[in-house]
Protein chains: 2
Amino acid sequence: MELDDRKKAILEAVIESYIENAEPVGSRTIAKRKQLNISPATVRNEMADLEEMGLLEQPHTSAGRIPSDLGYRVYVDKLMKRYELTADEINRMRSLMQLKISEMDSLIREITNIYSRLINYTVIATMPEQKQATIKHFQIMPIDSHNILLIVVTDSKMVKETKITLTRPITLYDAVQISSVLNESLAGVPCKDINISSIKGLQSELYEYDEIIQPILDFVYECISTEDNAKIFYGGITNLLNFPEYSNINRARELLEYLDNKSNIQRVIAHRQHEKVKILIGSENNAIELNDCSVVLSPYQIDGRAIGTIGLIGPTRMNYSKAVSNIEFLAGQLNRLSEYNMEEKK
Amino acid sequence: MELDDRKKAILEAVIESYIENAEPVGSRTIAKRKQLNISPATVRNEMADLEEMGLLEQPHTSAGRIPSDLGYRVYVDKLMKRYELTADEINRMRSLMQLKISEMDSLIREITNIYSRLINYTVIATMPEQKQATIKHFQIMPIDSHNILLIVVTDSKMVKETKITLTRPITLYDAVQISSVLNESLAGVPCKDINISSIKGLQSELYEYDEIIQPILDFVYECISTEDNAKIFYGGITNLLNFPEYSNINRARELLEYLDNKSNIQRVIAHRQHEKVKILIGSENNAIELNDCSVVLSPYQIDGRAIGTIGLIGPTRMNYSKAVSNIEFLAGQLNRLSEYNMEEKK
DNA sequence: GTTAGCACTCAACGACACAGAGTGCTAACA
DNA sequence: TGTTAGCACTCTGTGTCGTTGAGTGCTAAC
């Protein structure tokens, strides 16, 4: 089936109405738009087609339609009009750059914070660590019999931690044993010199903890293989709680806990060395906790070299057009900031 | 009316049951405790007395009783038995101190984070800034016509911001004007040299912005008068969402937004230069957003001089006994850490 | 002073009906 | 052949109502 102009117009109208109201859109609502000049019945036929094409979904038979992830994707790639920033919005972002903070990471942290109040989404930013990290220390801390916290400290102040649920109980003694083997073999070694085979070696050394060791080594490998140990800042996490999609406390908690663990979000934005604004919609984030979230990311440069990322997190129902224009502009301002202004601020 | 032994026992039983189950406690539940050996009817009489004394409350006529803030206060001051830490708990806290992070503030930040996973409350810690701060820069950023963000940057990387709601609209131009007056008069001046009269002077200089200026000056004064511009870290903010008292998303959002603004919590813990563990129950926090929260705080020392604070935040229904023992022990460990261990870690 | 008994209160819950929004299908229309 | 009016149908959300059960306060007896 072909996506003709009328289908496009209807898809666009559905998405824009849903972005605004967070409620399934019925045929009558669409038909009332004067530009289209068609009856609800016709809209219903078209909507049925769009649903068949996987662009719309129906929460239940007697409800209106909502966009699917694929629908948003088509909208974002082909239909979305560019949002023009207002003079006020531009002024506010420029004025953000006036913050007189000389340390780059405090500055980015504050921009993230303050900007989140202006945009009403959650803002995320990473600061790249230039130097190659070395693992300094491992620590395993049992929370209860089946849950441990694995903590990895690198020499660049970076701490990564994750909660791991085990299939069999672990004692404090086991934890000390495993930590010390990990420390003896891997501490002090630069991350780039650790590879799968050195980790496999550990597996045989720790054979007596067979069932426990696998998820631990997985996390260690993940730590050393995410090349840049970027610092991550969030601003306005609580903005997420304003969206009706998170009015269920369990859903909200699940999401906030996911974001609280910074290695999670690092995984989402890792390996996205791209030149322009990138949009990740719902399941494209590859994490069930983010299935109803979208992320809009843009790289920004410091001194024309090291690359950090700044972006927004919101429900898939977010205003993509506005988000893209905002993040694009903000990243542009940051680029200019690092080139010209840092010197004089010092 | 006197608080005799039986009344004490009943109050204690009600509080401990409510701490555990988060549900109003009925007379039958209390009477079933064998130690007391009294009938539900007697308990009901006693409970009515305790209610009259302001120690218990009734959510509605046919429900059981819940403790009032005053009830908790009496419990905490007079009835509560000391919780003895288990060997495991002690080991875990000691093992927390093994974290090999040389920068003190990163270390405290991580301890806060990781400890929150062990204790399941929200952990809060401040790092004192030794040196006397100087205000470096003011900035006013309009969010919309009636809300502004006031940002104060000091030379010690500290940034304080607050959202202020105005009684009349403000333009971007007004904001620039007011900022520049503030900057001209106050930037570069050490906080200790700014006092009420220098602020009063500004008020006449900015007379044309009469209605707007008052809350702004209030915040400025608050900034400069909180003597230590401590950094504040939170760990496990999302732990709060596990408590049934915050299962209402609006309540949860209100609380998280309050905590998100660090100057708020600074106000709560400011001027608490005390020697031992301090407990603030519900309304004692002097903030409506914290009316159903309690805070358990302890000072800790770095190099025997500068004083930071570490503590827990939870619902008023928190396990005070456990919280106190934990925070006391943790603060003790931190004291020892800074005295002996920091050198060798460097 | 304590307790058994009893009438009373109130939130929580499930059953039920009903309104309203929206759909899909059919048949008529241009 | 594409569009539309009409209609029967579906499903959620809401309000009403009676029931249940936990808990109380009061009275009178022990």
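Below, read A as the first sequence line, B as the second, and so on, with proteins coming before strands; counting in each chain starts at 1.
- Between the side chains of A/Ser263 and A/Asn261, a donor-acceptor pair is found at a separation under 3.5 Å.
- Salt bridge annotation for A/Asp77-A/Arg73: present, with a cationic side-chain nitrogen under 4.0 angstrom from a carboxylate oxygen.
- Set against D/dT3, D/dT12, C/dA4, the side chain of A/His60 has D/dT12 as its closest nucleotide.
- Rounded to an integer number of Å, the gap from B/Glu23 CD to D/dG23 C1' is 13 Å.
- Within the 6.0 Å centre-distance limit, the rings of A/Phe243 and A/Tyr121 are counted as a close aromatic pair.
- By the side chain to side chain donor-acceptor pair (under 3.5 Å) test, A/Asn147 pairs with A/Asp144, A/Thr165, sequence neighbours left out.
- Side-chain atoms of A/Asp69 and A/Ser283 form a donor-acceptor pair, as typed in the model, at a separation below 3.5 Å.
- In the model, B/Tyr72 has no side-chain atom that pairs as donor or acceptor with a side-chain atom of B/Ser294 under 3.5 Å.
- To the nearest angstrom, C1' of D/dG23 lies 18 Å from CD of B/Glu46.
- Checking C/dT2, D/dT3, D/dC11 against the side-chain heavy atoms of A/Arg6 singles out D/dT3 as nearest.
- Dense packing is recorded around CZ of A/Arg251, with more than 12 heavy atoms of other residues, nucleotides or ligands lying under 6.0 Å away.
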Nucleotide by nucleotide, 5' to 3', does protein get under 4.0 Å of the base (B), only the sugar-phosphate (S), or neither (-) in nucleotides 19-30 of chain C, counting heavy atoms? --BSBB------
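- When the side-chain nitrogen and oxygen atoms of B/Thr42 are compared with OP1 and OP2 of C/dT3, one or more of them lie within a distance under 4.0 Å.
- Rounded to an integer number of Å, the gap from A/Lys7 NZ to D/dT3 C1' is 13 Å.
- The CD1 atom of A/Ile30 sits 15 Å away from the P atom of D/dT4 (whole-angstrom rounding).
- Checked by atom type, the side-chain pair B/Asn113/B/Tyr234 shows no donor-acceptor distance below 3.5 Å.
- Here the P atom of nucleotide D/dT3 and the CD1 atom of A/Ile10 are 10 Å apart, to the nearest Å.
- No side-chain donor from either of A/Glu254 and A/Tyr246 sits under 3.5 Å from a side-chain acceptor of the other.
- Computed from coordinates, the B/Glu57 CD to D/dG23 P distance equals 18 Å when rounded to whole Å.
- In DNA chain D, consecutive stretches of 3 or more Watson-Crick or G-U wobble pairs with both distances under 3.5 Å are given as paired ranges: C:1-30 with D:1-30.
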